[in-house]
Amino acid sequence: MMRVQWQRLWSKWMVAALAMVALPAAAELRVFACEPEWAALAAALGGDRVSVDTATTAAQDPHYVQARPGLIALVRRADLLVCTGADLEAGWLPLLLRKSGNSAIQPGRPGHFLAAEQVRLLAVPERLDRALGDIHAAGNPHLALDPRRLLSVAERLAERMAAIDPEHAAAYRERLAGFRNRWQAAISRWEAQAAPLRGRRVAVHHPTFTYLEAWLGLERVAMLEPRPGVPPSSGHLAELLEKLRAEPVDLILHASHENARPAGWLAGKIGVPALALPASPGGSPGVGTLESWMDALVADLLHAIGAEG
Ligand SMILES: [Zn+2]
């Protein structure tokens, strides 16, 4: 008798619990994305099923964001949080999560999706050493700049959306299939266009474009920041100037949102172009989608080495 009652109670509780987590059929899935690339990806996979809010623009440095009340309000009402992880948002996301009071998107819940947990990261240090100011102590977080890794993230994100909004699971998978076809064709196109970049030597301000360099075969020989996140001192720049005079580079790269002056100074001294690239979609007119962003990155690099068309 006791046992039957307990089972009834249990199944009643399960029905209630499921009703609490499953999204009402008519409601849209509310996505909070930390960076524009994940907002663009969620919109591409979700179509009119999702509404997407973004914490940052391409003009901002995603390492340093203020956890302002407007962002807390957006996290509070989100069904799914899509961020980079690997410490990129370590300075602001934990506070947003804590202040949101939203249990659905806390770490470990289905509503908490980190891109860095879906792929293998580059530049994972053998030992954690934040004491020296390294803000990439969990590995390089700028993984969206490798379109092959971005596709792996898309596959996992579509599954996550289907799990949270099971009524529309088929639609998410269908959109993923369309995205995969377009994206794989685009990857082949970019790789063919970018062939002249292979083996070109670059110096970079911050390791923002590590994944892009690895994908396209650019060879990074110097970094203006002595450690990721530590601004270049004049002493460090003077040393780099000597190094780059002895071992020339073709280009000095920095993200459009990063301080352009150290790269500009060094480029002027050694007589090579300093190139500002958008680290996220939406950084300049006409590069609002993932595809047009990647198109612009490849075209800008080719133009800078005088190899376009
Ligand atoms: Zn970084």
Asks: Could you please spell out the steps behind the ring-ring contact (aromatic ring centres under 6.0 Å, His included) verdict for His63 and His257?
Replies: CA-CA 11 Å; His63 292 289; His257 65 71; 7.8 Å; no
Asks: Under the side-chain contact (heavy atoms from CB on, under 4.5 Å) rule, collect the residues that match up with Glu174, sequence neighbours excluded.
Replies: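 Here no residue qualifies.
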Asks: Sequence neighbours excluded, which residues qualify as side-chain hydrogen bond (donor to acceptor under 3.5 Å, both in side chains) partners of Arg148?
Replies: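 For Arg148 the side-chain hydrogen bond (donor to acceptor under 3.5 Å, both in side chains) partners, ignoring immediate neighbours, are Asp146.
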Asks: Write down the atom of Phe32, the atom of Ala55, and the distance for their closest heavy-atom approach.
Replies: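 So the two residues come closest at CZ-CB, 3.5 Å.
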Asks: If the condition is side-chain contact (heavy atoms from CB on, under 4.5 Å), which residues does Ala144 pass it with, not counting sequence neighbours?
Replies: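 In terms of side-chain contact (heavy atoms from CB on, under 4.5 Å), with neighbours along the sequence ignored, Ala144 is linked to Glu37, Trp38, Leu150, Trp293.
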Asks: My understanding is that only one of Leu244, Val249, Val272 makes a side chain to side chain contact (heavy atoms under 4.5 Å, CB included) with Leu266; could you say which?
Replies: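 Testing each of Leu244, Val249, Val272 against Leu266, the sole residue satisfying side chain to side chain contact (heavy atoms under 4.5 Å, CB included) is Leu244.
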Asks: Does Met223 share a hydrophobic cluster with Leu145, counting links as ILVMFWY side-chain heavy atoms below 4.5 Å and allowing steps through other members?
Replies: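 In one cluster: yes.
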Asks: Under the salt bridge (Lys or Arg N to Asp or Glu O under 4.0 Å) rule, what do Arg49 and Glu167 come out as? Steps first, then yes or no, please.
Replies: CA-CA 11 Å; Arg49 280 296 307 147; Glu167 190 140 351; over 6 Å; no
Asks: Using the side-chain contact (heavy atoms from CB on, under 4.5 Å) criterion, which residues pair with Pro147? Sequence neighbours excluded.
Replies: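 Checked Pro147 against side-chain contact (heavy atoms from CB on, under 4.5 Å); matches are Trp183, Ile187, Trp190, Trp215, Met294.
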Asks: Can you confirm whether more than 12 heavy atoms, excluding those of Glu155, are under 6.0 Å from its CD atom?
Replies: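 More than 12 within 6.0 Å, yes.
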Asks: Look up atom OG1 in Thr208 and atom NE2 in His142, then write down how far apart they are to the nearest 0.5 Å.
Replies: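 Result: 4.5 Å between the selected atoms.
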Asks: Can you sort out the partners of Ala276 under side-chain contact (heavy atoms from CB on, under 4.5 Å), two or more places apart, ordered by chain and number?
Replies: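 Ala276 satisfies side-chain contact (heavy atoms from CB on, under 4.5 Å) with His254 only.
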Asks: I'd like to check the salt bridge (Lys or Arg N to Asp or Glu O under 4.0 Å) partners of Glu213; sequence neighbours left out, ordered by chain and number.
Replies: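 So Glu213 forms a salt bridge (Lys or Arg N to Asp or Glu O under 4.0 Å) with Arg220.
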Asks: Looking only at heavy atoms, which two atoms of Arg109 and Arg160 are closest? And how far apart?
Replies: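 Minimum heavy-atom separation between Arg109 and Arg160: O-NH1, 4.1 Å.
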Asks: Please name the residue in the list Thr57, Thr84, Thr56 that meets the side chain to side chain donor-acceptor pair (under 3.5 Å) test with Glu35.
Replies: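 That would be Thr84; it is the only one of Thr57, Thr84, Thr56 passing the side chain to side chain donor-acceptor pair (under 3.5 Å) with Glu35.
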Asks: Could you pull out the closest heavy-atom pair between Cys34 and Glu89, with the gap in Å?
Replies: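 Looks like CB-OE2, 3.5 Å.
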Asks: Using the rule that two of Ile, Leu, Val, Met, Phe, Trp, Tyr join whenever any of their side-chain heavy atoms come within less than 4.5 Å, decide whether Leu114 and Val124 are in one cluster.
Replies: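 No.
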